[in-house]
Student: 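Right, I'll just put the structure down here and ask away after.
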There are 2 protein chains.
Amino acid sequence: MTARLIDGKAAALSLREQVRVAAGTFAQAAGRRPGLATVLVGEDPASAVYVRSKIKATGEAGLESFHHKLDDATSEEDLLSLVADLNADERVDGILVQLPLPTQIDAAKVIDAISPDKDVDGFHALNAGRLATGLDALVPCTPLGCLKLLRAELGDLSGKNAVVIGRSNIVGKPMAMLLIGESATVTVAHSRTADLPGVVRQADIVVAAVGRPEMVKADWIKPGATVIDVGINRVLTDDGKGRLVGDVAFSEVSQVAGAITPVPGGVGPMTIACLLRNTLVAAHRRAGLTVPQEL
Amino acid sequence: MTARLIDGKAAALSLREQVRVAAGTFAQAAGRRPGLATVLVGEDPASAVYVRSKIKATGEAGLESFHHKLDDATSEEDLLSLVADLNADERVDGILVQLPLPTQIDAAKVIDAISPDKDVDGFHALNAGRLATGLDALVPCTPLGCLKLLRAELGDLSGKNAVVIGRSNIVGKPMAMLLIGESATVTVAHSRTADLPGVVRQADIVVAAVGRPEMVKADWIKPGATVIDVGINRVLTDDGKGRLVGDVAFSEVSQVAGAITPVPGGVGPMTIACLLRNTLVAAHRRAGLTVPQEL
């Protein structure tokens, strides 16, 4: 391997420590700790794991945690009524409703009901639009984490050719908007792209967010490019345990790239750190306090 | 010239006729004509011309027009109070506040105050976000007009390489979002792009929206590409009268491109037609009626 390994775990730890310090300062200024409300509906085991790790990280950063565990059969009305309560609750700066939701609930309606000022996932259309138009937004955690890794690795991104593979609302499109904001030249590629390897080969920066295991190969990568792998895919192994791989064929791409994130230990840890960061940002804005620059 | 000329004037006339018919049907169903409120603050002659032509087109399409002409010295408070009145006025489906505004008024605040459901310019962050996340949006008129011309010229845009030159909130970024929604592979290039001619040369579709006269040259264009010129720049001529040119060097690019919009007579007429179209769309949504497909 010739590529520098981008250590997302270390970057996330450092951001979480900055959040912890900022949370302490905030508590002194505001007379209360920043608060994150998490809502888990139903019994999906993966969702339960995600929410548990978010709650744990929240506590470690010195944030107040308000967890709501609702039944699998919860009605849309009841969930919307909980969201309304959390919107009105002064102790709550951030609201995270874990997705996916049971089929009787329209996730779009729930996202739309969350106060944009508490929307720490950055999924509300108003936050997507604030991001797109250059206003103060709450930005989705995963692309924000990718941007922080890119900035730490490359410094100024201005004029760099960036290719984002994937055009989801949660990663691809906000990632493109963030990179345009950094004055990169940004291409959004996806399943319909005619010559995907050829397009990716132009890139100084590749962000892969498609959810297809090891799709991005070594001969797609311009030598020296920086590769950010957002994918987390479980693939079968002979011993039946399976293992996690990204959207990038790590072992071969790391021979060509200049720098690359591993999976796991790359983008993943940054996502939770950015959730805490967003909660701090929301808390400061709601309290009329200046957001600390290091966040 | 070898390129097909994309006749924006004819396309706009046809869209305006569709709006006129739909406005008649709407009036029968809703018991009132769709209404567009225009607000002009101050004496800027170019703005006055724009607003006059918008009002004229509104009348010709059978829409109700509510014009408000305010003094150059109008306070922000007074303008915001007028916007609040128009938001509440049931006869008003669309609100257009002509930009630029005098310096004592914060345009961002005014845009934010317009009800997103009446924001027929599509400048409100909620509409930018609805567009970005694939929800029903009111889309800025100029990129919407460009998209309509592209669809009429090319049909399905899926898999085509599109390069948008310029990253403004009004054209470049919403244009990129529209093209991503059409499953094109989309690159947003701009003044910081390292090798702009090289990037543009990859494109099947070029949308130039930079405001620099005749910047895009023939050797930037892949033979056969479709070129949409959003620029409207006045350049000096020997006789002192000046003439309008686009961002594309029309006389040379039209030797290489497969199809191209002229300036004037290309995108310009479509912008006003799309304003009328957006007003009709807003009227239908507000009245709970299905938006006619041909719009």
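All figures in this text were calculated on a predicted structure; none of them were measured in a lab.
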Student: So do the side chains of A:L150 and A:I228 get within less than 4.5 Å of each other, counting heavy atoms only?
Tutor: yes
Student: Looking at every non-hydrogen atom in both residues, tell me the closest pair between A:L280 and A:L295 and how far apart they are.
Tutor: CB-CD1, 3.8 Å
Student: Is it the side chain or the backbone of A:I180 that comes within 4.5 Å of chain B heavy atoms, both, or neither?
Tutor: both
Student: If the contact rule is any heavy atom under 4.5 Å from chain B, which residues of residues 155-175 of chain A qualify, in numerical order?
Tutor: A:S158, A:G159, A:R167, A:N169, A:K173
Student: Mind checking whether A:K118 and A:D93 have side chains closer than 4.5 Å, heavy atoms only?
Tutor: no
Student: Of all heavy-atom pairs between B:T279 and B:G94, which one has the smallest distance, and what is that distance?
Tutor: CG2-N, 4.3 Å
Student: Quick check on the interface: out of B:V199, B:V188, B:L126, who has the most heavy-atom pairs with chain A under 4.5 Å?
Tutor: B:V188
Student: If you count heavy atoms of other groups shown closer than 6.0 angstrom to CZ of A:R286, is the number above 12?
Tutor: yes
Student: Is the shortest side-chain heavy-atom distance between B:I260 and B:I6 below 4.5 Å?
Tutor: no
Student: Which one of B:G198, B:A176, B:S191, B:A184 has the most heavy-atom pairs closer than 4.5 Å to chain A?
Tutor: B:A184
Student: For B:A108, is it the side chain, the backbone, both or neither that has a heavy atom under 4.5 Å from a heavy atom of chain A?
Tutor: neither
Student: Is the shortest side-chain heavy-atom distance between A:V97 and A:I111 below 4.5 Å?
Tutor: no
Student: Got a sec, which residues hit side chain to side chain contact (heavy atoms under 4.5 Å, CB included) with B:S75, two or more places apart in sequence or on another chain?
Tutor: B:E77, B:D78
Student: In terms of heavy-atom pairs under 4.5 Å with chain A, which of B:V186, B:L135, B:L131, B:D195 leads?
Tutor: B:V186
Student: Among the options B:S183, B:A128, B:A194, pick out the one with the most heavy-atom pairs lying under 4.5 Å from chain A.
Tutor: B:S183
Student: Could you check B:N127, B:L178, B:L147 and say which one makes a side-chain contact (heavy atoms from CB on, under 4.5 Å) with B:V139?
Tutor: B:L178
